[in-house]
Colleague: 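Take this structure, written in structure tokens, and hold onto it; I'll ask about it next.
Numbering starts at 1 and runs along the sequence shown.
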Amino acid sequence: MRSIFFAHVNSEELTNICDLKVERQYSKGEIIINEGDPIDEFLYMKEGLVKLSKATLHGKDQIISFSKPFDFVSLLSVFSSNKYKYSVTAIEETTVCILQLDMVKKYAQENAMFSMDLMMHISQMTDKIILDNLDIKRKHLKGRIAHVLLYFSDYIYKKDEFELPISRREIAEYIGMTTENVIRTLSEFRKDKIIKIFGKDILIADKKRLQSISEFG
């Protein structure tokens, strides 16, 4: 835990934090945070994968980002609002560690370096979401889908064969396209031997070509 976040608390404080934290397990599809819930806890992921999403005016979900272990899923709203501005849903079996928000705020008030660590993580998460969304928006359809496949390959699983943890509909929600367009493009990638699809499993067969499509598509 210390190397993840609490590098600037002493051993006694770290022991106190570890004693007070609670772990909760969530199955795939379970909601961890509901948009509009009151913020009274501080959450970070120990294991699993989640999506952050926000309801649109038309009642549909817009996926904002994905988070992997040791990301701080509650940071985006935790100091700016008393209610969450987005939802967090498990897309794999997920374990979340929970601290009472009052305790985290107490440490932030008393420890300047702890506060700086908080600010750094908030900034990193915000930067990642902004840059990823800008990168996706500048691409055409094929480039957006290539970006998603490479995201899971390079950033999440760090291998070229993996089980895609989200549905075609969720890909569409993330990249701002229709589900039909996603299905058609994945089929084209398979016909062109860029990827192989085995049910939910994806094998990137021609990574250089997929990278080129992501960059210039």
Side-chain angles (χ1 to χ4, degrees), residues 4-5 21-101 104 121-122 124-133 135-137 144-145 147-158 162-183 186 199-202:
I4 300 165
F5 181 63
K21 75 176 175 66
V22 175
E23 291 189 5
R24 290 182 194 156
Q25 282 76 41
Y26 294 88
S27 300
K28 181 175 181 176
E30 274 196 275
I31 296 174
I32 299 169
I33 293 171
N34 255 315
E35 185 176 345
D37 281 353
I39 301 174
D40 51 19
E41 296 174 329
F42 182 91
L43 288 72
Y44 70 92
M45 289 177 58
K46 182 179 179 182
E47 297 174 343
L49 192 64
V50 302
K51 65 176 181 179
L52 282 66
S53 62
K54 186 168 179 62
T56 68
L57 294 175
H58 304 291
K60 295 183 178 180
D61 279 344
Q62 175 64 57
I63 295 178
I64 303 167
S65 182
F66 302 97
S67 289
K68 60 187 181 64
F70 310 126
D71 286 347
F72 294 82
V73 298
S74 66
L75 275 182
L76 289 180
S77 295
V78 73
F79 294 118
S80 63
S81 176
N82 60 0
K83 293 184 178 180
Y84 285 106
K85 304 295 186 183
Y86 54 89
S87 296
V88 177
T89 306
I91 56 176
E92 289 183 350
E93 298 292 318
T94 296
T95 301
V96 175
C97 294
I98 300 162
L99 299 169
Q100 288 302 306
L101 184 58
V104 175
H121 282 287
I122 291 170
Q124 287 175 340
M125 190 171 183
T126 304
D127 287 348
K128 178 181 177 299
I129 290 172
I130 291 171
L131 293 174
D132 280 351
N133 277 276
D135 196 24
I136 287 171
K137 285 181 178 179
R144 294 183 184 194
I145 294 176
H147 174 96
V148 171
L149 295 176
L150 290 169
Y151 173 85
F152 285 110
S153 172
D154 295 340
Y155 181 69
I156 299 298
Y157 298 114
K158 301 188 185 301
F162 53 90
E163 182 179 324
L164 193 62
I166 57 175
S167 66
R168 276 51 168 171
R169 176 183 56 79
E170 288 172 311
I171 295 175
E173 290 172 358
Y174 182 48
I175 66 174
M177 295 292 181
T178 66
T179 304
E180 291 74 17
N181 282 337
V182 172
I183 293 170
L186 287 173
K200 292 184 178 180
D201 289 344
I202 299 286

Colleague: Roughly how far, to the nearest 0.5 Å, is the CD1 atom of I31 from the OG atom of S53?
Modeller: 8.0 Å
Colleague: At what distance, to the nearest 0.5 angstrom, does OG of S87 lie from CD1 of I63?
Modeller: 11.5 Å
Colleague: Do side-chain atoms of R144 reach the backbone of I136 as a donor and acceptor pair under 3.5 angstrom?
Modeller: yes
Colleague: Carefully, step by step, assess T94 and V50 under the rule side-chain contact (heavy atoms from CB on, under 4.5 Å).
Modeller: CA-CA 8 Å; T94 296; V50 302; 3.9 Å; yes
Colleague: How long is the straight-line distance from CD of E170 back to NZ of K51, given to the nearest 0.5 Å?
Modeller: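 Between K51 NZ and E170 CD, I get 3.5 Å after rounding to 0.5 Å.
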Colleague: Between Y157 and P165, is there a side-chain heavy-atom distance shorter than 4.5 Å?
Modeller: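 Yes, their side chains come closer than 4.5 Å.
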Colleague: Just to verify, what does Y86 make a side-chain hydrogen bond (donor to acceptor under 3.5 Å, both in side chains) with, not counting sequence neighbours?
Modeller: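 Y86: no side-chain hydrogen bond (donor to acceptor under 3.5 Å, both in side chains) contacts found.
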Colleague: In chain order, what residues pass the side-chain hydrogen bond (donor to acceptor under 3.5 Å, both in side chains) check against T178, with sequence neighbours excluded?
Modeller: N181
Colleague: Hey, what do you get for CG (D37) to CG (N82), rounding to the nearest 0.5 Å?
Modeller: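 Rounded to the nearest 0.5 Å, the CG-CG separation comes out at 11.5 Å.
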Colleague: Mind running side-chain contact (heavy atoms from CB on, under 4.5 Å) on I129 and I64 for me, showing each step along the way?
Modeller: CA-CA 7 Å; I129 290 172; I64 303 167; 3.7 Å; yes
Colleague: With sequence neighbours left out, write down each residue that passes side-chain hydrogen bond (donor to acceptor under 3.5 Å, both in side chains) with D154, or none if nothing qualifies.
Modeller: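 For D154, the residues satisfying side-chain hydrogen bond (donor to acceptor under 3.5 Å, both in side chains) (neighbours in sequence not counted) are K207.
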Colleague: Are L150 and Y155 side-chain neighbours, meaning at least one heavy-atom pair lies under 4.5 Å?
Modeller: no
Colleague: Between Y84 and N34, does the side-chain contact (heavy atoms from CB on, under 4.5 Å) criterion hold? Intermediate values first, please.
Modeller: CA-CA 7 Å; Y84 285 106; N34 255 315; over 6 Å; no
Colleague: Any side-chain heavy-atom pair from F66 and L52 closer than 4.5 angstrom?
Modeller: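 Of all side-chain heavy-atom pairs linking L52 with F66, none is under 4.5 Å.
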Colleague: Can you find a heavy atom in the side chain of I175 that is under 4.5 Å from one in the side chain of V148?
Modeller: yes
Colleague: Quick one: salt bridge (Lys or Arg N to Asp or Glu O under 4.0 Å) partners of K200, sequence neighbours excluded?
Modeller: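 So K200 forms no salt bridge (Lys or Arg N to Asp or Glu O under 4.0 Å) with any residue.
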Colleague: Would you indicate whether the side-chain heavy atoms of L186 and I145 approach each other to under 4.5 Å?
Modeller: yes
Colleague: State, yes or no, whether a side-chain contact exists between I98 and E23 at a heavy-atom distance under 4.5 Å.
Modeller: no
Colleague: Say you draw a straight line from CG of N133 to NZ of K128; how long is it, rounded to the nearest 0.5 Å?
Modeller: 9.0 Å
Colleague: Please list, chain by chain and in numerical order, all residues satisfying side-chain contact (heavy atoms from CB on, under 4.5 Å) with I156, sequence neighbours excluded.
Modeller: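 Once residues adjacent in sequence are excluded, the partners of I156 under the side-chain contact (heavy atoms from CB on, under 4.5 Å) criterion are L49, K68, Y151, F152.
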Colleague: Kindly write out the residues that satisfy salt bridge (Lys or Arg N to Asp or Glu O under 4.0 Å) with E180, not counting sequence neighbours, or none if the list is empty.
Modeller: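 E180: no salt bridge (Lys or Arg N to Asp or Glu O under 4.0 Å) contacts found.
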Colleague: Taking only residues two or more places apart in sequence, or in another chain, which ones meet E92 in a salt bridge (Lys or Arg N to Asp or Glu O under 4.0 Å)?
Modeller: none
Colleague: Looking at side-chain heavy atoms only, is the closest gap between L164 and I171 below 4.5 Å?
Modeller: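 Yes, side chains in contact.
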Colleague: For T126, enumerate each residue passing the side-chain contact (heavy atoms from CB on, under 4.5 Å) test, keeping only those at least two apart in sequence or located in another chain.
Modeller: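 Expected list: L76, I122, I130.
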Colleague: Apply side-chain contact (heavy atoms from CB on, under 4.5 Å) to the pair M45 and T95, showing each step before the final yes or no.
Modeller: CA-CA 6 Å; M45 289 177 58; T95 301; over 6 Å; no
Colleague: Output all residues satisfying side-chain contact (heavy atoms from CB on, under 4.5 Å) with Q62, sequence neighbours left out; order by chain, then residue number.
Modeller: T56
Colleague: If you look only at pairs with a residue in residues 24-34, which of them pass as a salt bridge (charged side-chain N to carboxylate O under 4.0 Å, His left out), with sequence neighbours excluded?
Modeller: R24-E41
Colleague: Taking only residues two or more places apart in sequence, or in another chain, which ones meet K83 in a side-chain hydrogen bond (donor to acceptor under 3.5 Å, both in side chains)?
Modeller: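 side-chain hydrogen bond (donor to acceptor under 3.5 Å, both in side chains) list for K83, sorted by chain: empty.
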Colleague: What I'd like to find out is whether the side chain of K46 reaches to under 4.5 Å of the side chain of V96, using heavy atoms alone.
Modeller: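 Of all side-chain heavy-atom pairs linking V96 with K46, none is under 4.5 Å.
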Colleague: Looking at K158, I want to see if its NZ is surrounded by more than 12 non-hydrogen atoms of other residues, nucleotides or ligands under 6.0 Å.
Modeller: yes
Colleague: I'd like to know if E35 pairs up with K85 as an ion pair, taking the criterion as any Lys NZ or Arg NE/NH1/NH2 lying under 4.0 Å from an Asp or Glu carboxylate oxygen.
Modeller: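 No, this pair does not count.
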Colleague: Would you give the length of the straight line joining atom CG of L99 to atom CZ of F42, rounded to the nearest 0.5 angstrom?
Modeller: 7.0 Å
Colleague: Of all heavy-atom pairs between G48 and P69, which one has the smallest distance, and what is that distance?
Modeller: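 Looking at all heavy atoms of both residues, the shortest contact is O-CD, 3.1 Å.
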Colleague: What residues, two or more places apart in sequence or in another chain, satisfy ring pair (Phe, Tyr, Trp, His ring centres under 6.0 Å) together with Y26?
Modeller: none
